[in-house]
Amino acid sequence: MKSGELIIYNSLSRQKEIFTPIHEGHVGMYVCGPTVYNDVHLGNCRTFISFDIIYRYLTYNGYKVRYVRNITDVGHLLDDGEDRMSKGARLDNLEPMEVAQKYTNGFHDIMRVFNTLSPSIEPRATGHILEQIEMVSEILNNGLAYEKNGSVYFDTLKYAEKTGDYGKLSGRVIEELLSETRDNLKNQDEKNHPSDFAIWMKASDEHIMKWNSPWSVGFPGWHLECSAMSTKYLGKKFDIHGGGNDLKFPHHENEIAQNVGACNCQPANYWLHTNMLLMNGKKMSKSDGNTISPQELFTGASEHVSKGYHPMVVRFFMLQSHYRSTNDLTDDGLQAAEKGFKRIMEAYKSVHSLHSDIGNNAPLDQKIDEIIQGAFDDMNDDFNTPRVLARLFELVTIINSLKEGQMKMSEVSIETLEKIKSTLYTILFEIFGLMDESETNAGPVDGLMQLIIELRQLARTNKDWPTSDKIRDSLSDLNIQIKDGKEGSSWSYK
RNA sequence: GGUCGGGUGGCCGAGCGGCUAGGCAGAGGUCUGCAAAACCUCGUACAGCGGUUCAAAUCCGCUUCCGACCUCCA
């Protein structure tokens, strides 16, 4: 089942490449995490869910994965130069670290309801100031940065001259950057070149978060933390670096420059970028009101949505588009996803009630094998989850046909039936990280429902339609649907 | 203005030279005490105009819309 090579689209080369880890059997993966100065944005969730699936799939394939995802709690500048943490703290009247903790907790809560696995290491920028200072020193020693009034800037011109590839990742050339750069950047006049960027910033007196350094009391530039922490935990060179594609420039571009500047090596072999989550065709944006929080989406407390959607429906919805494509969140799309998700989960349950007497070589076996193999091939092709889902729905049709008697059980062997069960389990739960939301409150309900169904069956046998219909209608009002099949009745939540 | 990515049936969304994507909605049918569910069949789509090719949604060119990045952003 795990045959075939894993192919990954590498943003750096702009093409699909065969994935070969540096150390056989091991994968080092770094993903840029959130800046914890505000509630998590749904867009962040899409990125982290995408990488969660990649993480799970690599693990499924037998790799020992060290997954590092940072928490940015310092160094992000606003337009006016104020640190995001400090600003959040000032507004909420909290300590900066209190703000960071509060939103870190919120972020973790949301990640949990989306059933994403925790990363192996989740380092914070403020916990790695020393490493960052050290990296600034290395870059200075290599002559690729300069100090001005206590701040240190990365010298992009010199770097471009030396390496010839500043802008390689984002497809930019330094001459263009020269003419494009806006003139409202902080400390513009201190820089030798507009595209240079701060790796250490001298702090003003009122700045709250600041540390001692050889150059000034200040704080690290935003791009630096990822360079320093990825190097610390994954080494100078590791396998995969990921993030949203809005980080390509300048963040990732500068990250590469810093790593090369400090130790003369490209940090990651494969750069993966997830595309944006849109809402009604446009990028989510708080200023336009074109935004919805995870909570609002779950509860339905938003004008953009007609009702609330279970986190697993949202996860399934995201799975239906490829991580490199934009994903347009709409109410119609969510409703379609909800129904599709339920259908696939129902089929997963149904398959357990199916039994075959045929040992092997049943007529349907080969076709089913091909579908299953195809699903894994699609996963190997740059994690093509929408295609995998299409295959699973082919399986759903077969399961339902068998269950309802449109296909005969003799057409499928015991062996193949088992294979369907294990494949669905593996892909749905282990790789896609979905959970069956209807099972969360099982308790005595199953037994009770069984009893009710038996009573109703009794009424039906006696042709007592009023009673039988009353049971059905009352349950329906409780959002429980009765399904009368060939082999008796079953039920599910609507 | 620069860089990049797109425009696929009612909606979402794969495919990216020849082979049914899939989901949702809709129509007809089978089953059923009725209904629901399930299953079967159906619509027959690739922005427009040229070009390359035996063959193009898929390659090339132009036109036209849309989006992202270039400034903090997953």
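Heavy-atom basis, side chains included; hydrogens, waters and symmetry copies ignored. Here is how names work: the chains are called A, B, and so on, in the same order as the sequence lines, proteins then strands, and each is numbered from 1. The structure displayed is predicted, hence computed values, not measured ones.
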Heavy atoms, side chains only, cut-off 4.5 Å: are Tyr270(A) and Leu12(A) in contact?
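Side-chain contact under 4.5 Å: no.
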Reckon [X] touches a base, only the sugar-phosphate, or nothing at all at heavy-atom distances under 4.0 Å?
X: Gly243(A); answer: sugar-phosphate
X: Ile344(A); answer: nothing
X: Lys282(A); answer: sugar-phosphate
X: Gly33(A); answer: sugar-phosphate
X: Leu277(A); answer: base
X: Ser170(A); answer: sugar-phosphate

Rounding to an integer number of angstrom, what distance separates [N] and [M] when you compare their [atom1] atoms?
N: C12(B); M: G7(B); atom1: P; value: 12 Å
N: C62(B); M: A25(B); atom1: P; value: 43 Å
N: G2(B); M: C72(B); atom1: P; value: 22 Å
N: G43(B); M: G22(B); atom1: P; value: 13 Å
N: A56(B); M: G17(B); atom1: P; value: 14 Å
N: G29(B); M: G67(B); atom1: P; value: 44 Å
N: G13(B); M: C65(B); atom1: P; value: 23 Å

Quick one about [Y] and [X] (side-chain donor to acceptor, distance below 3.5 Å, no hydrogens or angles considered), yes or no?
X: Gln258(A); Y: Asn254(A); result: no
X: Asn259(A); Y: Ser227(A); result: yes
X: Gln366(A); Y: Glu370(A); result: yes
X: Glu255(A); Y: Ser230(A); result: no
X: Lys403(A); Y: Ser353(A); result: no

If you round to the nearest 0.5 Å, how far is CZ of Phe429(A) from CG of Asn115(A)?
10.5 Å
Looking only at the side chain of [X] (C-beta and beyond, no hydrogens), which of the listed nucleotides [options] gets closest?
X: Ala390(A); options: A68(B), C39(B), G22(B); value: G22(B)
X: Gln406(A); options: A38(B), A37(B), C69(B); value: A38(B)
X: Asn327(A); options: G13(B), A74(B), A35(B); value: G13(B)
X: Arg456(A); options: A38(B), G33(B), A74(B); value: G33(B)

Report all interatomic pairs (protein N or O, nucleotide N or O of nucleotides 15-17 of chain B) with separations under 3.5 Å.
from, atom 1, to, atom 2, distance (Å)
G15(B), OP1, Asn384(A), ND2, 3.1

Mutual orientation of the aromatic rings belonging to [X] and [Y] [parallel < 30°, tilted 30-60°, perpendicular > 60°]:
X: Tyr166(A); Y: Phe249(A); value: perpendicular
X: Tyr30(A); Y: His241(A); value: tilted
X: His252(A); Y: His273(A); value: tilted

In whole angstrom, give the distance that lies between atom [atom1] of [X] and atom [atom2] of [N].
X: Trp271(A); N: C4(B); atom1: CH2; atom2: P; value: 19 Å
X: Asn245(A); N: U3(B); atom1: CG; atom2: P; value: 18 Å
X: Met276(A); N: G6(B); atom1: CE; atom2: P; value: 15 Å
X: Asn275(A); N: C66(B); atom1: CG; atom2: P; value: 18 Å
X: Asp377(A); N: A14(B); atom1: CG; atom2: C1'; value: 16 Å
X: Leu278(A); N: C12(B); atom1: CG; atom2: C1'; value: 12 Å
X: Leu389(A); N: C12(B); atom1: CG; atom2: P; value: 18 Å
X: Asp328(A); N: G7(B); atom1: CG; atom2: P; value: 13 Å

Determine whether the aromatic ring centres of Tyr9(A) and Phe383(A) lie less than 6.0 Å apart.
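Not close enough - the centres of the two rings lie 6.0 Å or further apart.
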Could you tell me if the ring centre of Phe107(A) sits under 6.0 Å from that of Phe48(A)?
yes
Ordered by number, residues from residues 469-478 of chain A within less than 4.0 Å of RNA chain B (heavy atoms) are Asp469(A), Arg472(A)
Heteroatom pairs (N/O) under 3.5 angstrom, protein to nucleotides 40-42 of chain B:
none

Do Asp484(A) and A35(B) have a side chain to base donor-acceptor pair shorter than 3.5 Å?
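Indeed there is one.
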Could one point to a donor on the side chain of Ser468(A) or the base of G33(B) with an acceptor on the other under 3.5 Å away?
yes
I need the single residue from Phe432(A), Phe317(A), Phe298(A) that forms a ring pair (Phe, Tyr, Trp, His ring centres under 6.0 Å) with Phe114(A). Which is it?
Phe298(A)
Salt-bridge contact [X]-[Y] (side-chain N to carboxylate O under 4.0 Å):
X: Asp52(A); Y: Arg69(A); result: no
X: Asp382(A); Y: Arg324(A); result: yes
X: Asp377(A); Y: Arg391(A); result: no

So, is Asn400(A) close to the A38(B) phosphate, meaning a side-chain N or O under 4.0 Å from OP1 or OP2?
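For A38(B), neither OP1 nor OP2 has a side-chain N or O of Asn400(A) closer than 4.0 Å.
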Salt bridge (charged side-chain N to carboxylate O under 4.0 Å, His left out) with Glu338(A): which residues, sequence neighbours excluded?
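Residues passing salt bridge (charged side-chain N to carboxylate O under 4.0 Å, His left out) with Glu338(A): Lys307(A).
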For the pair Leu354(A) and Lys421(A), evaluate side-chain contact (heavy atoms from CB on, under 4.5 Å) and give the outcome as yes or no after the intermediate values.
CA-CA 10 Å; Leu354(A) 263 27; Lys421(A) 283 183 206 169; over 6 Å; no
Tell me which of Pro386(A) and Thr47(A) sits closer to the 5' end of RNA chain B, going by the nucleotide each one is nearest to.
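The residue closer to the strand's 5' end, by nearest nucleotide, is Pro386(A).
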Could you pull out the protein-nucleic contacts involving nucleotides 24-26 of chain B (nitrogen or oxygen on both sides, under 3.5 Å)?
from, atom 1, to, atom 2, distance (Å)
A25(B), OP1, Lys339(A), NZ, 2.9

Stem list for RNA chain B, please, built from Watson-Crick and G-U wobble pairs under 3.5 Å and keeping only runs of at least 3.
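The stems are B:1-7 with B:64-70, B:10-12 with B:22-24, B:26-30 with B:38-42, B:47-51 with B:59-63.
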Before you tell me yes or no, could you show the steps for Phe376(A) and Tyr57(A) under ring-ring contact (aromatic ring centres under 6.0 Å, His included), namely the whole-Å CA-CA distance, both residues' side-chain angles and the distance that decides it to 0.1 Å?
CA-CA 10 Å; Phe376(A) 286 95; Tyr57(A) 191 59; 7.2 Å; no
